[in-house]
Amino acid sequence: MKNTSSAPAKIAKALYLLLIVFFLYLPIGALMVLSFNSSKSMASWQGFSLKWYKEMFANEELMEALGNTLTIALWASIIATVIGVMACVAMNAMTDRKRSIFMGLNNIPLLNADIVTGISIMMSFLLFGISLNYGTVLFAHITFCIPYVILSVMPKFRQLENHTYEAALDLGASPLYAFFKVVLPDIMPGIVSGFLLSFTMSVDDFVITHFTRGAGINTLSTLIYSQLKIGVRPTMFALSTVIFVIVLLVLVVSNFFRKDEEEEAKKASAKGKEYVYKGGMSTKKTMAIILAVVVAMAVAVRFTPSTPGEVSEKGVVYVYNFGDYIDPELVDAFYEETGYTVVCDYFDTNEEMYPVIKNNTADYDVICASDYMIDKMIKEDLLMELEFSQIPNIQYLSQNIRDFMEDFDPGMFYSAPHTWGTYGIIFNRELVDEEDFEGDVSWGILWDEKYAGKIIMPNSIREADMVTAKLLGYSMNTLDENEMKEITAKLIEQKPLVYSYANDNARDLMIGDNASLAVITSGDVLYAQEDNENLDYVVPVEGTEVWTDCWAVPKSCKNYDGAMAWINFMYSYDAAVANFEYLTYAIPNTQLEDYVYEDYIEGETILSEIEILNPSEEVLERCETLKNLGPEGDDMYSRYWKEFKSK
């Protein structure tokens, strides 16, 4: 019979298939290309390089997170598979009614939201006084993997021929021997499927891990999430590429063995003979074996996933910090200098960190928090006073930042600045009118219709409101209802002119010439100028926000001396230089004033002469610090932000 499908129909089907494949693999392809980009930015290609792959293998935190991810997934899958198979044996012996009830109960966790599962498991641990650690994450993963195993194995039990098992018993086999020799081979495809599904779900999980992990426990998903404040580094692109290539090889090898088996079956069928399987590896067996090899390699890289190396005699200092907010090499340098082992844990926002410290769900010795959060935690008696006699390097703290600390930590009893900066306007000199940026610049330029569709505003309540409040002559910490109405109306008026509301990726959009103007923190400007020399930065004449991220010690601290040693170390010359080179954020340390920086625009520049990082006294006089508004103030700001978003 001839194929009646027309040529146009075949072409349409082929194009449809190509489009699906294109949209599925375009993001992966882009990620793989960026992993070979010498630039840190996704918006600018600076040449082919393997440096991110080298950095990936040298990054102990990343390797530890990879080891945690794979070992948790392996153990959770093995244990869940054993428990799940045992549950299936029991349910297979039940009546249909009872079996239906238990299968219904098994399906509930599959349909339940991950956030509900994660919170409920976390609260159960806290209720029984169990501290969150590596074991709690493993237990949580086993719990949510078991239903997937049962769902995969139970259909195989329903397909069994009971008379074969009974015949084995009649021939003298014990129940256990009959199970392994008769039942197990028939249900093995379901067991393998359940194991692989559990492994995949465990590796992929973020929400449940996030709620059940303890101090120093990171998987790849939680580590990536914690880096959002600064931006995900290209080392993650390199690791993702390696993982994708390994998975691709698994599929290629699996299909190769399956193809040989199918060809043998076809030949036997053509000859009118019955095909007899001659052994070898099926698809699932091949995948399982290669997967086991990958896991074994990960375990070899990080055999003890919960503790980074041996614990020193002085003990461990647990540091809770924004993701990727210090040079990772400083952890080993601190150990060599002081003898303290360091375990770093990470978060993305202050609001994520606060309940952990408030509820004491994990014990940390040192935390990094922003100015307004320091203010809030002091008022709630969550912080310990610092013993500055143990922090002699505090003498190098820059004087200009001390004045702003009076707004959130009067007398500087509870915190010590780590980084600081301002908010301002980054602009592309090639895409703006030069006269607009001669002399004093106003926030009002962000409402200029000539730049319609070329403006990037912050996608956060306080920063967007700060810009508008300063333009209108109000305090960025205003609690006046009428002023908030006016601020919101002004933001709504600006909406048609805005290209994007963005936080971390604003710098990448500017690097890629996607916009002319953006509100950005001064810490991101040097980063952006590395890849686009046409970018410049200005603090508007109305003033702006000065932000400070500080080290502090929570009252749950177990190693106070170690915490003091950590803060003191951060003020050493070598640590300050390393952090500046890694972050390109302003480090408030007088020892860096004469440090020579390789400026990508002006060449070698003395750090104290870079106005972006060292605003003048005149500029600082027009600045404010973000303050804690209290519950009522937060509710008012949230209410007006929702009104703005809904327009």
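What you see is a predicted model, and the numbers here were worked out from it, not measured in a lab.
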Inset, instruction - Show your reasoning for whether side chain to side chain contact (heavy atoms under 4.5 Å, CB included) applies to M457 and V467. - result: CA-CA 9 Å; M457 284 288 286; V467 170; 4.2 Å; yes

Legend entry - Candidate pair Y346 and D324, rule side chain to side chain donor-acceptor pair (under 3.5 Å), full reasoning: CA-CA 8 Å; Y346 305 104; D324 210 30; over 6 Å; no

Inset, instruction - Apply side chain to side chain donor-acceptor pair (under 3.5 Å) to the pair K645 and N459, showing each step before the final yes or no. - result: CA-CA 10 Å; K645 284 287 192 178; N459 190 28; 2.7 Å; yes

Legend entry - Derivation and outcome, side chain to side chain donor-acceptor pair (under 3.5 Å), residues Y148 and T200: CA-CA 11 Å; Y148 291 101; T200 303; over 6 Å; no

Inset, instruction - Given side chain to side chain contact (heavy atoms under 4.5 Å, CB included), test L197 with M201 step by step and report yes or no. - result: CA-CA 6 Å; L197 183 59; M201 296 301 295; 4.3 Å; yes

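Checking side-chain atoms of T136 against main-chain N and O of T212 turns up a donor-acceptor pair under 3.5 Å. Remark: the backbone N or O of V203 is not paired with any side-chain donor or acceptor of T69 at under 3.5 angstrom. Side chain of Y451 to main chain of V432: no donor-acceptor pair is present (N/O by atom type, distance under 3.5 Å, no hydrogens or angles). One N or O on the side chain of T349 and one on the backbone of E352 form a donor-acceptor pair closer than 3.5 Å. For the pair N68 (side chain) and T219 (backbone), a donor-acceptor distance under 3.5 Å is absent. In this structure a side-chain-to-backbone donor-acceptor pair under 3.5 Å is present from Q529 to L535. Remark: side-chain polar atoms of N37 are paired, donor with acceptor, to backbone N or O of Q46 under 3.5 angstrom. Under a 3.5 Å cut-off, the side chain of R429 and the backbone N or O of E533 do form a donor-acceptor pair. Remark: side-chain polar atoms of S77 are paired, donor with acceptor, to backbone N or O of F199 under 3.5 angstrom.
The CE atom of M236 lies 7.0 Å from the CG atom of L239; values are rounded to the nearest 0.5 Å.
Checked against the 6.0 Å centroid criterion, the rings of Y527 and Y585 do not qualify as a close aromatic pair.
Surrounding CD of E351 are more than 12 heavy atoms belonging to other residues, nucleotides or ligands, all under 6.0 Å away. Surrounding CZ of F102 are at most 12 heavy atoms belonging to other residues, nucleotides or ligands under 6.0 Å away. Within 6.0 Å of CE in M94 there are more than 12 heavy atoms belonging to other residues, nucleotides or ligands. Shown here is Q159, whose CD atom has more than 12 heavy atoms of other residues, nucleotides or ligands within 6.0 Å. In this structure, Y16 places its OH atom where only 12 or fewer heavy-atom neighbours from other residues, nucleotides or ligands lie under 6.0 Å away. For K54, the NZ atom is loosely surrounded, since the number of other residues' heavy atoms within 6.0 Å does not exceed 12. When the shell of 6.0 Å around NZ of K642 is examined, it contains 12 or fewer heavy atoms from other residues, nucleotides or ligands. Other residues, nucleotides and ligands contribute only 12 or fewer heavy atoms inside 6.0 Å of the NZ atom of K181.
Residues that satisfy the side chain to side chain contact (heavy atoms under 4.5 Å, CB included) test with T81, not counting sequence neighbours, are V85, V149, I191, F195. In terms of the salt bridge (Lys or Arg N to Asp or Glu O under 4.0 Å) criterion, D448 has no residue partners (sequence neighbours excluded). Evaluation of the side chain to side chain contact (heavy atoms under 4.5 Å, CB included) rule for A113 yields I115, V116 as partners, not counting sequence neighbours. Remark: E581 engages no residue in a salt bridge (Lys or Arg N to Asp or Glu O under 4.0 Å) (not counting sequence neighbours).
A donor atom on one side chain and an acceptor atom on the other are found under 3.5 Å apart for T209 and H141. Counting only N and O atoms by type, the side chains of D531 and S39 include a donor and acceptor under 3.5 Å apart.
Taking the side chain as every heavy atom from C-beta outward, L74 and T71 never approach each other to under 4.5 Å. D186 is not listed as a side-chain neighbour of K156, based on a closest heavy-atom distance of 4.5 Å or more. Contact of the Y537 side chain with the I520 side chain is registered, since non-hydrogen atoms from C-beta on lie closer than 4.5 Å. Counting heavy atoms from C-beta outward, D345 and I217 have side chains that stay 4.5 Å or more apart. Residues S221 and D205 have side chains not in contact (no heavy-atom distance under 4.5 Å, counting atoms from C-beta outward). Contact of the T488 side chain with the W641 side chain is not registered, since no non-hydrogen atoms from C-beta on lie closer than 4.5 Å. Looking only at side-chain heavy atoms (C-beta outward), S202 and I72 come within less than 4.5 Å of each other. You'll find the side chain of L62 stays beyond 4.5 Å of the side chain of L66, heavy atoms only.
Taking each heavy atom of L223 and E61 in turn, the nearest pair found is CD2-O, 4.1 Å. Taking all atoms of both residues into account, the shortest heavy-atom contact from A515 to L431 is O-CD1, 3.7 Å. Closest approach of D508 and N514 over heavy atoms only: O-OD1, 4.3 Å. In terms of heavy-atom proximity, I208 sits nearest to D114 at CG1-O, 3.7 Å. Contact record, L24 with I28: O-CD1, 4.3 Å, taken as the closest heavy-atom pair. Shown here for I150 and A87, the closest heavy-atom pair between the two residues is CD1-CB, 3.9 Å.
Within the structure, the ring pair (Phe, Tyr, Trp, His ring centres under 6.0 Å) test picks out the following pairs touching residues 495-515 (sequence neighbours left out): Y501-F644. Residue pairs satisfying the ring pair (Phe, Tyr, Trp, His ring centres under 6.0 Å) criterion with at least one member in residues 71-93, sequence neighbours excluded, are absent.
Checked options W52, Y53, F237, W45; the residue passing with F36 is Y53 (criterion: ring pair (Phe, Tyr, Trp, His ring centres under 6.0 Å)).
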